[in-house]
Amino acid sequence: MRERMDRRQFVRTGGRIAAVAMIAPLSACDRALMGRGQDDPALPSHRAPRGPARDIEIVAEPAEVEIGPLGVFRRWTYGGHYPGPEIRLREGERLRARLVNRLPDPTTIHWHGVPVPNEADGVPGVTQEAVRPGDDFVYDFNARPAGSYIYHSHVGLQLDRGLHAPLIVEEATPHVEYDREHTVVIDDLLAGEPEMPDQDGRRGPGMMGRRGMMGRRGMMGMMGDETPDYLAFLINGRPPEDAPVLDVTEGERVRLRLMNPASATHFRVALGGHRMTVTHTDGRPVEPVEVDALEIGMGERYDVVVDANNPGIWTLAARGLGGNPSPARAILRYRGVNRSAPAGLPEGLGSGRLLRLTDLRSVETVGEPARAPDRILDLDLRREMMMQGRWTIGGQTWPDADPLPMSPGERVRVRMTNRSPHPHPMHLHGFFFRVGDALKETVVVPGHMGRIAFDFIADEPGDWFFHCHHLYHMESGMARVFSYI
Ligand code: C2O
Ligand code: CU
């Protein structure tokens with residue numbers, strides 16, 4: 001897939017220069033000259049892209065995609081692939097990615113987790129106008145720090161049409177050794193088109209017609225919170241009946257980059273016959289911790305290393321926490337083992353040592369002295385019945401929401417209380433935050449009065465989106481924007 005993108009790069013070289021110049025990111029100096037309004041803190045950007053660039057083209061386009069025995073689906077794709085093609089970069093390498101929009105609707109790309117310059121962040125109406133059909137847009141940034149990331153559309157419900165893909169930034173020197181790696185993209189698949197439920201939780205005729213299940217379910221879907229009734233859970237775009245095979249050789253240490261770009265499903269992940277050593281969360285290295293299972297919320301990533309010391313054919317499974325579909329599967333197959341199907345699902349799906357948030361200890365010392373916060377924001381997460389049942393952060397619903405304040409250089413503490421029964425994977429753009437002893441940018445706030453606090457240093461200019469990564473919560477208002485005052 002990478003070859004394919006490289007090939008395209010040559011085809012369009014002619015038109016590239018002009019367009020890049022047009023949208024070149026502002027330098028700190030330009031910004032100071034242009035001003036950003038009266039309150040402009042003139043905070044210099046630390047992220048202006050520099051160095052020779054790797055130019056790629058990403059075409060967003062509808063495509064017919066075969067999903068094993070489930071049949072052919074019309075997905076919205078990057079380059080005809082679902083999930084989209086993995087992009088791999090060296091740490092610090094500059095990426096100039098031209099998004100070409102061949103979809104019927106406007107679109108953007110968000111580089112989930114990568115601290116990009118604000119103008120490359122891909123949030124429609126906040127950092128850019130969405131790219132109209134037939135238009136293009138160049139995202140330009142240096143890929144750092146190393147880690148496992150996702151790139152995806154940030155417009156409407158496009159994520160649930162398939163517009164997501166892995167972005168891997170390879171470290172110069174990993175803090176754990178491994179011999180081989182596999183990327184594991186876990187997703188939820190709709191039978192039809194994504195739609196927002198109306199006030200009664202009813203979805204449009206598209207889904208009713210395709211499946212006829214919604215009516216029976218009391219209109220709200222399985223979770224009673226706008227989560228659609230998914231047809232299947234997939235790994236790397238394949239259903240359990242046609243699971244992808246991950247090859248290993250006995251004696252190897254295998255790194256699995258587990259990613260959850262699903263629109264509305266949390267998963268519990270386990271591997272038969274092996275424990276998993278968690279080495280990274282949201283791309284950031286942590287002190288290795290061995291577990292039988294982990295839960296991964298929408299937008300989260302966990303890298304794990306597995307000691308391939310138990311030859312056979314094993315199932316890596318991701319069970320949706322809520323929803324009917326059977327667990328997504330991949331097959332871990334040792335070379336030279338000629339048995340057919342593996343035994344059932346891994347025990348870790350239901351029992352064993354589960355990774356806890358408090359297990360995660362960053363191995364990085366970030367430029368972040370352990371000082372008291374300069375500002376504390378208390379934000380309730382809840383659905384407001386007085387506001388048509390819309391999801392809110394701090395009592396407000398996007399886009400009719402005040403900016404959340406921050407000042408240049410501040411250490412901002414966000415304390416969230418979840419006044420709903422549903423877990424919310426809360427994602428901050430632009431910054432890693434410290435939660436407990438870990439660095440992350442997406443953290444699940446458990447339901448039923450779950451409380452999570454995180455701190456980040458506001459040291460990069462721009463307006464930065466902050467939202468629930470449950471797509472249907474976000475689209476129903478569960479988002480705010482951090483702005484400098
Ligand atoms: Cu992955 Cu604002 O999102
Ligand atoms: Cu949510």
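As the structure lists them, so they are numbered: ligands from 1, and atoms in each ligand from 1.
Within the protein, the N, O or S atoms lying under 2.8 Å from atom 2 (Cu) of ligand 1 are His154 NE2, His429 NE2, His467 NE2.
A salt bridge does not link Asp374 to Arg411: none of the charged side-chain nitrogens sits closer than 4.0 Å to a carboxylate oxygen. Salt bridge annotation for Arg301-Glu441: present, with a cationic side-chain nitrogen under 4.0 angstrom from a carboxylate oxygen. Salt bridge annotation for Arg383-Glu226: present, with a cationic side-chain nitrogen under 4.0 angstrom from a carboxylate oxygen.
Contact annotation: Cys468 places an N, O or S atom under 2.8 Å from the Cu ion (ligand 2). Coordination check, His422 versus the Cu ion (ligand 2): failed, since every N/O/S atom of the residue sits at 2.8 Å or beyond. Among the atoms of His473, an N, O or S atom is found under 2.8 Å from the Cu ion (ligand 2).
The Cu ion (ligand 2) is closest to atom ND1 of His424 (considering only N, O or S atoms).
Checked against the 6.0 Å centroid criterion, the rings of His112 and His469 qualify as a close aromatic pair. A ring-centre distance under 6.0 Å is found for Tyr139 and Phe137.
By the 30° and 60° cut-offs, the orientation of the rings of His470 relative to His473 is parallel.
Each of Phe141, Trp464, Phe432, Phe431 was compared with Pro115 under the side chain to side chain contact (heavy atoms under 4.5 Å, CB included) criterion, and only Phe432 meets it.
Put simply, the side chain of Tyr484 gets close to the backbone of Glu460: a donor and an acceptor are under 3.5 Å apart.
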